[in-house]
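In what follows, a structure is listed as structure tokens, so that the remarks can point back to it.
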Amino acid sequence: MHAVLAKQAQSTQPDIDSHAMARVIVFYVLTCLFYYGNGVVTPPKLKLNDGRDIPGIALGTWLGNNTKPSSNEVELAVTWAVEAGYRHIDTAYAYKIEDQVGRGLKKKMADGVAREDLFITTKLWNDHHAREEVVPALRESLGKLMLDYVDLYLIHWPCGQFDNQTYDYTDYLETWRGMIDAKNLGLAKSIGLSNFNQEMMDRIAANGLEKPAVLQVELNLNLQQPELLAYCREHNIVVMGYTPFGSIFYSKAKEDAPPPRVDDPELVAIAKKYGKTVPQVVLRYLVELGIIPIPKSLTKSRIEQNIDIFDFKLTEEEKSLLKTFDKKYRTIPQHKWLDHPYYPFEKKQ
Ligand code: NDP
């Protein structure tokens, strides 16, 4: 009897395997269609220390210091980004385009994208650092964004500065207390910091205040900040990386900017191997460091290209090569606040 059953089992085994295999193939094809059908990518999410999820890539919306916003370039970029699969938009009061971001989001929500599926980050500017000014500043941003809440509100810089350009020496602990007020009111679901250093975060903790969920700092090939990343990992603070392309584009690289540029032969070879571009390899590297990159683009094809980075993985050897470009070089040093007591970076540049 056992022998007969065993024989039957043996003879049916290949069928079971082929059915299972067929199911795996169908699942794989459906997954690929879901993720990549119509060019829409679903980026992975990271967990914040307050329990919320944050999408693993964000569209940047800063036009640069010397560009005046026109009427709708960012609005268009936001709509293209949402269509391409971005669910996270990074903006700031200081960028003077929150109204455009709001219009882009409103359009996509009218097309059926749920507010709960979007993750919107904005930032408190330096001229509203007093605790009691934080909530009104956020309400102003929310008005421009046409939203009831933001998902993440960041202190843009630790350095206060009044409208007339004189320094405001308000302690950033007070500003942080204002951020906690904003969170308690439900106007910001999560709160965090931008351009703060490790000592400043230690000081927030030493004063018994809520931990930031996110730190946003410059991160790119020339500025990889391994110690800061290790600190954030240890303290469960998610890192968003701004200016992710650093100085790879000739149009943006200052004379003293170290290599690589976008045509670097070794980077081109890696990109070619995966059928990707060098900017995509750079973004992928940042993702593999555990960072949320914030590529900015106003160009539809580049917006689509920059999110299409979740279907390949760099080898250890390739990552070791990319690591060699770390030269502690800041593309955006913001020297204008060098003598502010809360200037957060090294002062040697
Ligand atoms: P990025 O490193 O994102 O570079 C943007 C430039 O790269 C633009 O000129 C863009 O051109 C170009 N570009 C984008 N994608 C591609 C591509 N695939 N191929 C070729 N060129 C490309 O710089 P940012 O300094 O803007 O940083 C990104 C975002 O980070 C900001 O927009 C902002 O949201 C945030 N940020 C935050 C700061 C902070 O203090 N917290 C400071 C600075 C930035 P184009 O637009 O013409 O396509």
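Since the structure is predicted, the reported quantities are computational estimates derived from the model, not experimental observations. Remember, it's 1-based here, ligands and their atoms both numbered in the order they're listed.
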Of all the atoms in ligand 1, which lie at a distance below 4.0 Å from a heavy atom belonging to [X]?
X: T299; result: 45 (P), 47 (O), 48 (O)
X: H156; result: 39 (C), 40 (O), 41 (N)
X: S297; result: 14 (C), 45 (P), 46 (O), 48 (O)
X: P295; result: 3 (O)

Nearest neighbour in protein (non-hydrogen) for [atom]:
atom: atom 40 (O) of ligand 1; value: N195 ND2, 2.9 Å
atom: atom 15 (N) of ligand 1; value: N306 ND2, 3.0 Å
atom: atom 29 (C) of ligand 1; value: I294 O, 3.2 Å
atom: atom 34 (O) of ligand 1; value: D90 OD2, 2.7 Å
atom: atom 25 (O) of ligand 1; value: T243 OG1, 3.0 Å
atom: atom 7 (O) of ligand 1; value: F249 CE1, 3.4 Å
atom: atom 32 (O) of ligand 1; value: W62 N, 2.9 Å

With respect to [atom], which of [options] exhibits the smallest heavy-atom separation?
atom: atom 1 (P) of ligand 1; options: K252, E304, M240; value: K252
atom: atom 11 (O) of ligand 1; options: R302, Q280, Q305; value: R302
atom: atom 33 (C) of ligand 1; options: W157, Y242, Y95; value: Y95

- Message: Classify the ring geometry of F196 against Y172: parallel below 30°, tilted from 30° to 60°, perpendicular beyond 60°.
- Response: perpendicular

- Heavy-atom count around K272 NZ within 6.0 Å, excluding the residue itself: above 12?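 No - once you tally the heavy atoms of other residues, nucleotides and ligands closer than 6.0 Å, there are 12 at most.
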
Just list the side-chain donor-acceptor pairs under 3.5 Å for residues 237-249, sequence neighbours left out, or say none.
unit_1 : atom_1 : unit_2 : atom_2 : d
Y242   : OH     : N195   : OD1    : 2.7
S247   : OG     : T331   : OG1    : 3.3

Which is it for [X] and ligand 1 at heavy atoms under 4.0 Å: side chain, backbone, both or neither?
X: P244; answer: both
X: K296; answer: both
X: N220; answer: neither
X: V262; answer: neither

Backbone N/O of [Y] and side chain of [X]: donor-acceptor pair under 3.5 Å:
X: N49; Y: N236; result: yes
X: Q100; Y: S70; result: yes
X: N164; Y: T166; result: yes

Regarding [X] and [Y], is there a side-chain donor-to-acceptor distance under 3.5 Å anywhere?
X: Y95; Y: K123; answer: yes
X: N306; Y: Y86; answer: no
X: Q280; Y: Q305; answer: no

- Message: According to a hydrophobic-cluster definition based on side-chain heavy atoms being under 4.5 Å apart (Ile, Leu, Val, Met, Phe, Trp, Tyr only), do F310 and Y285 belong together?
- Response: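 Cluster IDs for F310 and Y285 match.
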
- Message: Looking only at the aromatic ring of each residue, does the gap between the centers of W157 and Y93 stay below 6.0 angstrom?
- Response: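 Distance test on ring centres: not under 6.0 Å, no.
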
- Query: Judged by non-hydrogen atoms, does K123 sit under 4.0 Å from ligand 1?
  - Reply: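 Per 4.0 Å heavy-atom rule, K123 contacts ligand 1.
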
- Does any N/O atom on F245 come nearer than 3.5 Å to any N/O atom on ligand 1?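 Among all N and O atoms of F245, at least one is under 3.5 Å from an N or O of ligand 1.
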
- Item | Pairing residues for R233 by the salt bridge (Lys or Arg N to Asp or Glu O under 4.0 Å) criterion, not counting sequence neighbours |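 For R233 there are no salt bridge (Lys or Arg N to Asp or Glu O under 4.0 Å) partners, ignoring immediate neighbours.
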
